[in-house]
Amino acid sequence: SNFKVGDRVFGCTLFGAYSSRVVIPTIQLRKIPDCIDSFSKAASFPAVSLTALYALHLAGYFPGGFDEGASRHKFKNKSILIHSAAGGVG
């Protein structure tokens, strides 16, 4: 593991995320960069980024990598419109 006691980390879990404490595999953790000054800001990063990534996957614009046949369309466009940028996901 690249982590040690006292490291500031954030991560994702499939179950129990609203608990006070969770135990998750280290592969689901990332160190909080020094430029992020709070745990709440770090916690928002996977929620927002994974939601956007999942939306790209559902739309068929995810460029392979995980499961080549999972996308409905081949990745052709290299442009994407992001609107409502003031929200957490847009």
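Note that the structure is a prediction, hence the values are computed from the model and not measured. Here, residue 1 is the first one in the sequence, and each next residue gets the next number.
- Arg8 places no side-chain N or O within donor-acceptor distance of the main-chain N or O of Ala42, the cut-off being under 3.5 Å.
- Taking hydrophobic clusters as Ile, Leu, Val, Met, Phe, Trp and Tyr residues chained together by side-chain heavy-atom distances below 4.5 Å, Phe3 shares a cluster with Val22.
- Of all the heavy atoms in Lys4 and Asp7, the pair that sits closest is N-OD2, 2.8 Å.
- Applying the ring-ring contact (aromatic ring centres under 6.0 Å, His included) definition to pairs two or more places apart or across chains, those involving residues 20-53 are Phe10-Phe45.
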Which atom pairs, donor and acceptor, lie under 3.5 Å between side-chain atoms of residues 25-34 and protein residues at least two apart or in another chain?
| unit_1 | atom_1 | unit_2 | atom_2 | d |
| --- | --- | --- | --- | --- |
| Gln28 | NE2 | Cys12 | O | 2.5 |
| Arg30 | NH1 | Ile27 | O | 3.1 |
| Lys31 | NZ | Asn2 | O | 3.2 |

